[in-house]
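As C-alpha cells, the structure follows; a few thoughts come after it.
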Amino acid sequence: MARDGFEVAVNGINNNYKHSNGKSNGISAYSNGHKVNGAQSKVQSTKSTPTFKEHFEQTPLGVAIWTYLGYAILVVIGQIRDFLRSIGIEKIKSCTEPKLPGFVPLFQSWESFYTRNLYRRVRDCWNRPIGSVAWAEMDILERVSYDHGWNFELTGKKQRVLNLGSYNYLGFSQNEGPCADAVEDIVNKYGVGTCASRQEMGYLDLHRNLDILVAEYLGVEDAITVPMGFATNSMNMPLLVGKGCLILSDELNHASLILGSRLSGASIRTFKHNDMEDLEEKLRFAVAEGMPRTHRPWKKILIVVEGIYSMEGSIVRLPDIIQLKKKYKAYIYLDEAHSIGALGPHGKGVVDYFGLNPKDIDVMMGTFTKSFGAVGGYLGGSKNLVNHLRVSSHSAIYSGSMPPCVIQQVISSMKIMLGKDGTNEGKQRIDTLAWNTTYFRQRLVEMGFIVYGNEHSPVVPILLFMPGKISCLSRECLKRGLGIVVVGFPATPIIESRARFCLSAAHTKEMLDKALDILDEVGDLLKLKYSRLKRQPALAESDNKELKNGTRNSSVSTFADLCTLSMKIIKTL
Amino acid sequence: ITMNIGTATSEENPTHSYLGSRGIWITYVLILLITHFMLLTIPFFSVAVAWTLTNVVHCVITYFMLHVTKGTPWGTPEQGKARTQTQWEQIDFGQQFTPTKKFLTVVPVAIFFLASFYTKYDTTHFCINLIALGFSVIPKLPQLHGVRIFNINKW
C-alpha cells in the first residue's frame, strides 16, 4: 500500500533510468513531452543481455483536456438521461427492484451509472461471440442491436476477420496438426476428465510426465501444475508467505497476484511500476525498520513481479531485481503468464531473454493459456519448494486435476518448442514471433501512433485517449476485417485508454501488412497519430507524416509550456 | 451487462488518483471559465450577478459531486469499501493536504475573491458568496473527514 513517508538514501544500483510515463500531478519537466525509460540501463549481466528500450510517451496536454471534456459531456448527458428515466419520460430498461417498505435497497443505481450510460452504448465492441477457432483469423458472429446496446440479436451471418486480440503468441491454438492429433489419441485412451483431485485418484502418469517436462523446459529442479491459471497464483501464494512476511509487488500486477497476496495474510507494499530505485528504497526500509510497530525483522520478503505486463507491454528488469534480491536477501516470485514461450531465443521466457540462471529465481510461475494453447498454470523451483507445494497446495488437494487432453496439448506443444519432435518448428515459431514483433512495432511507430512498452514485447498497446475513439476504432476495424481488443476507463487510467494487439507466430507478413493498412486508414480517419517524437524513419514517405505532426503540435507545445509554468507556481502555494 | 474493472490489473478503484492526472486541473478551470462566459452573455444579468451566479453554481455542482455523491459510478471488485465514502474522502486514499486537495480548496477561495471584487463588495452579494464559500470549503477541512452531521447521507 501507498505512502510510507520516509526518506532513505539510495546508493545501490548504478543504473540511470528516468521515470517512465509522466503521471505526476500537472508537472512535466520536459519540453517536448516524452521520456525514454532507461535507454541503456547499465545492468551487470552476461553479454547476451539485449539493450533495454522501453517507452511510455506522455499524453499530450491538449489531448488530455479533450479527453476530460469528452468524459464530462458523457457524464452530463448520462445524468440528464437518468433524470428523464426517473420522472418517467424515458423507459427504464435495466433491471429494477420493487420498493418494499422497510427493506434496504438491493441495488444502488449510482453504482451502475457508468455501465448504464456509457458502457452500454458501446458494448458491441466487447464480448463478441466467435464461431471458429481463435487462430490468426477467426469468424465473428454478427450481432445487431435495435435499442442502442440494451439487447443484441444474432443475424446469423459470420464475418471472417484477422485476429489481433487472442493471446496466441506461438500460434498453438490450432484445431489441426500434431498437437490436435495427439490430444485426440489421449482422449480415446484416458477419457475426458480425471474425476478426482490430485491427492486422491486424479494423479495420472501424464501429470508426472508433464511436471518433469515443465521442469526441464524452465531449467529448474521440479515443477507442479495447476488446472487453472488464475488459481495458480491465488491458491498457492498463501503457502509461500503468511503473517509476518512482507510482499513487495509491482503497481500493475495482475488481479490473481493481488488476490493471492491478500489471501496469504502477509503485509503488502507496492512499488512503482518497474522502478528499481523505488524497489530498493522499499527493500532498505523493510530490512532496516522491520515490522511496523515491533521493529522485529520480517520473516520473509517476497518480491512479486510479472514477466510481461499485458496492459503496458513492458518487460520486467529482471537482472536488476536479481541483484537487489541477492543484496537484501529477499525472494522473488516471477509470474510469466505472458512471457513464457514468447520471449527469449529459445522461448523459455524472460529468464532466457536476459540470459540469466533460472536457479536465481526462487519461484517461477506461469500459465499454459497464452503460448501453449491450453489452460492451467505451473509453479517451478527447487525440489523442496515443489514437495511442499505438492503436499499442501489448495489446488492439489481440493480442485480436480488437469484433464488428460489438456495435459497432452501442453506436452505436445512443449516438445515442439524443445525440439524433441525432431523438427525445428519450435525455433521457427519463436523466430517468426520475434520478427513479427519487431516489424509490427516499427511500422506502428513510423506511422505515428503512440506505442507503449518494450521494443521486444509481443503485446503492443497503442493509445487512443478519447472515449469516442475507443468504440469507433473497434467498430471501424471490424468493418474492414480486423478484430482487436480495446480498453478504456476505468480499467485503465483516465487518459490512457488503449487498443492492445497481441502478435502471434501464426501471423504472416501479409496478414500484418493488411492489419497495418487498416490501422493506417482508420488512424488517419480518427486522427490517432499523436506521437510527437522525432524519429528517423526508414521509409522516405514517412517524412510527410512527421512534418504534419510537427506543424500541428507547435501551438500546443507552447501552450503546454505555459501551463507547466503556471502549475509550478500553484504547486508552490 | 458488466464491465471488467480491476480484473486485469490491480487498480481497483481509480477514484483516488484521477483528479491528479495530467491536465485535469486545466480542464476544471476551463470548464469554469466557459460557464462564467456563458453566464456573462445573458443580457439580463449584470456583471455582479453573473459572478455571484458563477460562484453559486460552482459551489452547488462541486458540493454535490464531491461531498454528497458516495461510492463510485462503476461497480468495483473491492466489495464496497468506498460505498459510504464521498468522493472527497476517496481522493488519495483519504490522505490530507495532497496537491489535488489543496488545489480543489484554493479554487472556491479564488472565485470568492474575484466575485467580491466584481460585485464591488455589495452586502447582499457578499452574504450569498460567503455562504457559497462556506459550503465549498468547510466540508473539505480535514476535521470533517468522514463526519456526517445529523447522520444525513450516512449510508
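Naming convention: chains lettered A, B, ... in sequence-line order (proteins, then strands); numbering from 1 in each chain.
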- Message: I'd like to know whether CZ of F135(B) has more than 12 heavy-atom contacts from other residues, nucleotides or ligands below 6.0 angstrom.
- Response: no

- What's the shortest heavy-atom distance between G23(B) and I65(A), and which atoms? O-CG1, 4.0 Å

- Message: With a 6.0 Å cut-off (strictly less than), is the heavy-atom count around CZ of F152(A), excluding the residue itself, greater than 12?
- Response: yes

- Per-residue contact mode, T69(B) against chain A (heavy atom under 4.5 angstrom): side chain

- Item | Part of I494(A) within contact of chain B (heavy atom distance under 4.5 Å) | side chain

- Query: So F489(A) and W74(B), would you call those rings parallel, tilted or perpendicular, with 30° and 60° as cut-offs?
  - Reply: perpendicular

- Message: Please report the interatomic distance CG(L61(A)) to CD1(I26(B)), rounded to the nearest 0.5 Å.
- Response: 4.5 Å

- Item | Exceeds 12 heavy-atom contacts within 6.0 angstrom, atom CD1 of I42(B) | yes

- Message: Out of the candidates W66(A), Y68(A), Y71(A), only one should pair with T27(B) under the side-chain contact (heavy atoms from CB on, under 4.5 Å) rule; please name it.
- Response: Y68(A)

- Message: Give me the atom names and distance for the closest heavy-atom approach of R22(B) to P60(A).
- Response: NH1-C, 3.7 Å

